[in-house]
Amino acid sequence: SGRHLFVSLSTETSTEMLREFCECCLGDGAVAYCSVFTDKETGEPKGSAKLELASPELVDRAMKELEGAMLQGSHLSLRRPGEKPPQEPDGRTVFMGGLSWDLDS
């Protein structure tokens, strides 16, 4: 629904820390559900989370106020379900077009 967000965050951030931070910024009761995704084998946080806020208006506000905010030494990145996460170049991939199929490496 229009009340959900995915959050990229530090692998040091727990569910409780994220909930407290969001409620501190958006107000008590703003967070209906919060879960930091963890590795199934190790239980360690993966650096992403799912949030459900109390209203679609709070989602709009969170996108404005929490995007780029610093938590646990890392900037938060928020996106709505269905939006693709931003892709940062890894420096290993080069896209080239117009090459002949006969070209060898």
Side-chain angles (χ1 to χ4, degrees):
S1 81
R3 300 182 332 164
H4 295 96
L5 287 172
F6 290 105
V7 184
S8 295
L9 41 76
S10 167
T11 55
E12 303 295 315
T13 305
S14 68
T15 295
E16 295 77 23
M17 285 180 202
L18 180 60
R19 177 185 289 275
E20 284 179 22
F21 181 78
C22 290
E23 290 204 337
C24 180
C25 295
L26 301 173
D28 287 340
V31 178
Y33 175 82
C34 177
S35 180
V36 170
F37 299 119
T38 56
D39 183 278
K40 290 179 183 173
E41 292 180 17
T42 66
E44 295 293 316
K46 288 185 169 184
S48 59
K50 181 178 180 181
L51 277 178
E52 180 182 350
L53 300 178
S55 71
E57 293 77 23
L58 281 170
V59 170
D60 293 337
R61 197 169 139 214
M63 293 293 290
K64 290 176 190 160
E65 296 180 19
L66 299 181
E67 177 66 32
M70 184 70 74
L71 178 62
Q72 293 291 114
S74 180
H75 294 281
L76 298 181
S77 176
L78 286 71
R79 66 181 176 84
R80 297 170 198 268
E83 291 179 356
K84 291 192 176 213
Q87 296 294 318
E88 294 190 25
D90 61 10
R92 298 180 297 163
T93 305
V94 176
F95 293 97
M96 301 177 76
L99 299 176
S100 167
W101 286 104
D102 298 329
L103 187 64
D104 264 338
S105 58

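These numbers were taken from a predicted model, which means no experiment stands behind them.
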**Request:** Run the numbers on Lys46 and Thr11 for side chain to side chain contact (heavy atoms under 4.5 Å, CB included), then give the verdict.
**Result:** CA-CA 6 Å; Lys46 288 185 169 184; Thr11 55; over 6 Å; no
**Message:** Would Arg80 and Asp60 count as a side chain to side chain contact (heavy atoms under 4.5 Å, CB included) here? Give the steps.
**Reply:** CA-CA 10 Å; Arg80 297 170 198 268; Asp60 293 337; 2.8 Å; yes
**Prompt:** Can Cys25 and Leu66 be said to form a side chain to side chain contact (heavy atoms under 4.5 Å, CB included), step by step?
**Reply:** CA-CA 8 Å; Cys25 295; Leu66 299 181; 3.6 Å; yes
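Annotation: the span from Ser35 atom OG to Glu52 atom CD amounts to 12.0 Å, rounded to 0.5 Å. Atom CG in Leu76 sits 7.0 Å away from atom SG in Cys22 (nearest 0.5 Å). Taken to the nearest 0.5 Å, the CD atom of Glu12 stands 11.0 Å off from the CG atom of Leu71. Gln72 contributes atom CD, which lies 4.0 Å from atom CE of Met17 (distance to the nearest 0.5 angstrom). How far CG of Leu53 is from CD of Glu23: 9.5 Å, rounded to the nearest 0.5 Å. If you take NZ on Lys50 and CG on Leu18, they are separated by 13.5 Å, rounding to the nearest 0.5 Å.
A donor-acceptor distance shorter than 3.5 angstrom exists from the side chain of Arg19 to the backbone of Val31, with no hydrogens or angles considered. Side chain of Thr15 to main chain of Val36: a donor-acceptor pair is present (N/O by atom type, distance under 3.5 Å, no hydrogens or angles). The backbone N or O of Ser55 sits nowhere less than 3.5 Å from a side-chain atom of Arg3 that would complete a donor-acceptor pair. At distances below 3.5 Å, not a single donor-acceptor pair connects side-chain atoms of Glu44 with backbone N or O atoms of Asp39.
Nearest heavy-atom pair across Ala69 and Phe21 is CB-CZ, 3.9 Å. The shortest heavy-atom contact between Ala54 and Gly29 is CB-O, 3.6 Å. For the residue pair Met63 and Leu5, the shortest heavy atom distance occurs at SD-CD2, 3.5 Å. Closest approach of Gly2 and Val59 over heavy atoms only: O-CG2, 3.3 Å.
Inter-residue side-chain proximity for Glu67 and Ser77 is flagged as met; some heavy-atom pair is nearer than 4.5 Å. Pro81 has its side chain within reach of Phe6: a pair of non-hydrogen atoms, C-beta onward, lies under 4.5 Å apart.
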